[in-house]
Amino acid sequence: MDVTLHLAQEPEADALPGRSPLAALTGMLLDQQVPMEWAFKGPRTIADRLGAGADGDLDAHDIATMDPEAFAALLSEKPAVHRYPGSMAQRIQQLCQYLVEHYDGDAEAVWRDAGSGAELRKRLEELPGFGKQKAQIFLALLGKQLGVTPKGWREAAGAYGEPKSFRSVADITGPESLAKVRAHKQEMKAAARAAKASGT
């Protein structure tokens, strides 16, 4: 896995999830209640604070066994990795512990030998912090940008798997597509507010 992503909109921050399966999963985990770019800068920031170096990576075994308070403090340093650094630190550790237990710490093993899109979505949904929607979005990101295309992946990703749908991070390839995805999210929020207001 070595592709050019544009999710953080910063080359150095984008390089890590482009080559690191664990960083990509971590960025996806962080992608809630903060801007997408902020979420996907997170893995690079965490790696830097762990002393991984410019070419370093995140290590599931190391993160899984870190003292929880120390790891939370690392995410809380300013600028914080997330709006809720304490709870996200706990989620990242839970993800890494799961990967160590089920995949020997090899994040890429989650999708490396998946026989179908449905099987891959099931594996993603089993990850701590990944519900159905997050699993579908990450599956779409794998298929559209990271070259992971098991049979039926688009169907398993649902609407997020549709070509040029501009619904999620899976469709962000630069500033223009980021703006389209952001506009789509705003439309969805407005529709949800309108539905709530009308009682439907």
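- Here the side chain of Arg49 pairs a donor or acceptor atom with the backbone of Leu74 at under 3.5 angstrom.
- A distance-only check finds a donor-acceptor pair linking the side chain of Asp59 to the backbone of His61 [under 3.5 Å].
- Here the closest non-hydrogen pair linking Asp14 and Leu7 is OD1-N, 2.9 Å.
- Here the side chains of Pro163 and Arg154 are in contact, with some heavy-atom distance below 4.5 Å.
- No side-chain donor-acceptor contact under 3.5 Å links Lys134 to the backbone of Gly129.
- Placement of Leu141 and Phe166 within a single hydrophobic cluster is found when ILVMFWY residues are connected by side-chain heavy-atom separations under 4.5 Å, directly or transitively.
- The OG1 atom of Thr173 sits 9.0 Å away from atom NZ of Lys180, with the distance rounded to the nearest 0.5 Å.
- No hydrogens or angles considered: a donor-acceptor pair under 3.5 Å links the side chains of Tyr160 and Gln133.
- Between Gly105 and Ala60 the shortest heavy-atom distance is O-CB, 3.6 Å.
- A distance-only check finds no donor-acceptor pair linking the side chain of Arg83 to the backbone of Val34 [under 3.5 Å].
- The minimum heavy-atom distance between Ala72 and Gly86, with the atom names listed, is CB-CA, 4.4 Å.
- The nearest pair of heavy atoms linking Ala118 to Ala156 is N-CB, 3.8 Å.
- Of all non-hydrogen atoms in Gly115 and Pro150, the two that sit nearest each other are C-CB, 4.5 Å.
- Side-chain heavy atoms closer than 4.5 Å link hydrophobic residues (I, L, V, M, F, W, Y) into clusters, and following such links, even through other members, never connects Met28 to Trp38.
- A salt bridge between Glu37 and Lys41 is absent, with no side-chain N of the basic residue lying under 4.0 Å from a carboxylate O of the acidic one.
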Under the criterion side-chain contact (heavy atoms from CB on, under 4.5 Å), I'd like the reasoning laid out for Val81 against Met88: C-alpha separation, chi angles, the key distance, then a yes or no. CA-CA 9 Å; Val81 169; Met88 293 313 295; over 6 Å; no
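- Counting heavy atoms from C-beta on, the side chains of Arg121 and Leu124 never come closer than 4.5 Å.
- For the atom pair Leu30 CG and Thr26 OG1, the distance stands at 6.5 Å (nearest 0.5 Å).
- Tyr103 has its side chain out of reach of Arg112: every pair of non-hydrogen atoms, C-beta onward, lies at least 4.5 Å apart.
- Here CG of Leu22 is found 10.0 Å from CG of Leu29. Values are rounded to the nearest 0.5 Å.
- Atoms CG and CG, on Leu178 and Asp171 in that order, are 11.5 Å from each other to the nearest 0.5 Å.
- Between the side chain of Trp153 and the backbone N or O of Ser116 there is no donor-acceptor pair closer than 3.5 Å.
- Between Pro175 and Gln9 the shortest side-chain heavy-atom distance falls below 4.5 Å.
- The side-chain heavy atoms of Glu126 and Val110, taken from C-beta on, include no pair separated by under 4.5 Å.
- Here the side chain of Ser198 pairs a donor or acceptor atom with the backbone of Ala195 at under 3.5 angstrom.
- No donor-acceptor distance shorter than 3.5 angstrom exists from the side chain of Gln145 to the backbone of Leu142, with no hydrogens or angles considered.
- Side-chain atoms of Lys144 come within 3.5 Å of backbone N or O of Glu162 as a donor-acceptor pair.
- Taken to the nearest 0.5 Å, the OG atom of Ser87 stands 8.0 Å off from the CD atom of Gln32.
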Chi angles and distances behind the side-chain contact (heavy atoms from CB on, under 4.5 Å) call for Thr65, Val100: CA-CA 10 Å; Thr65 55; Val100 168; over 6 Å; no
Report, one line per pair, each donor and acceptor closer than 3.5 Å where one atom sits in a side chain of residues 92-99; sequence neighbours left out.
{"unit_1": "Gln93", "atom_1": "NE2", "unit_2": "Ile63", "atom_2": "O", "d": "2.8"}
{"unit_1": "Gln93", "atom_1": "NE2", "unit_2": "Met66", "atom_2": "O", "d": "3.0"}
{"unit_1": "Gln97", "atom_1": "NE2", "unit_2": "Ala64", "atom_2": "O", "d": "3.1"}

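- The aromatic rings of Phe138 and Trp111 are tilted relative to each other, their planes meeting at an angle between 30° and 60°.
- Rounding to the nearest 0.5 Å places CZ of Arg167 at 10.0 Å from CD of Glu187.
- Both Leu58 and Leu75 belong to a single network of hydrophobic side chains, linked directly or stepwise wherever heavy atoms of I, L, V, M, F, W or Y lie under 4.5 Å apart.
- Residues Arg44 and Asp48 form a side-chain contact, since some pair of their non-hydrogen atoms from C-beta on lies under 4.5 Å apart.
- Pairing each heavy atom of Leu16 with each of Ala47, the nearest pair is CD2-CB, 3.9 Å.
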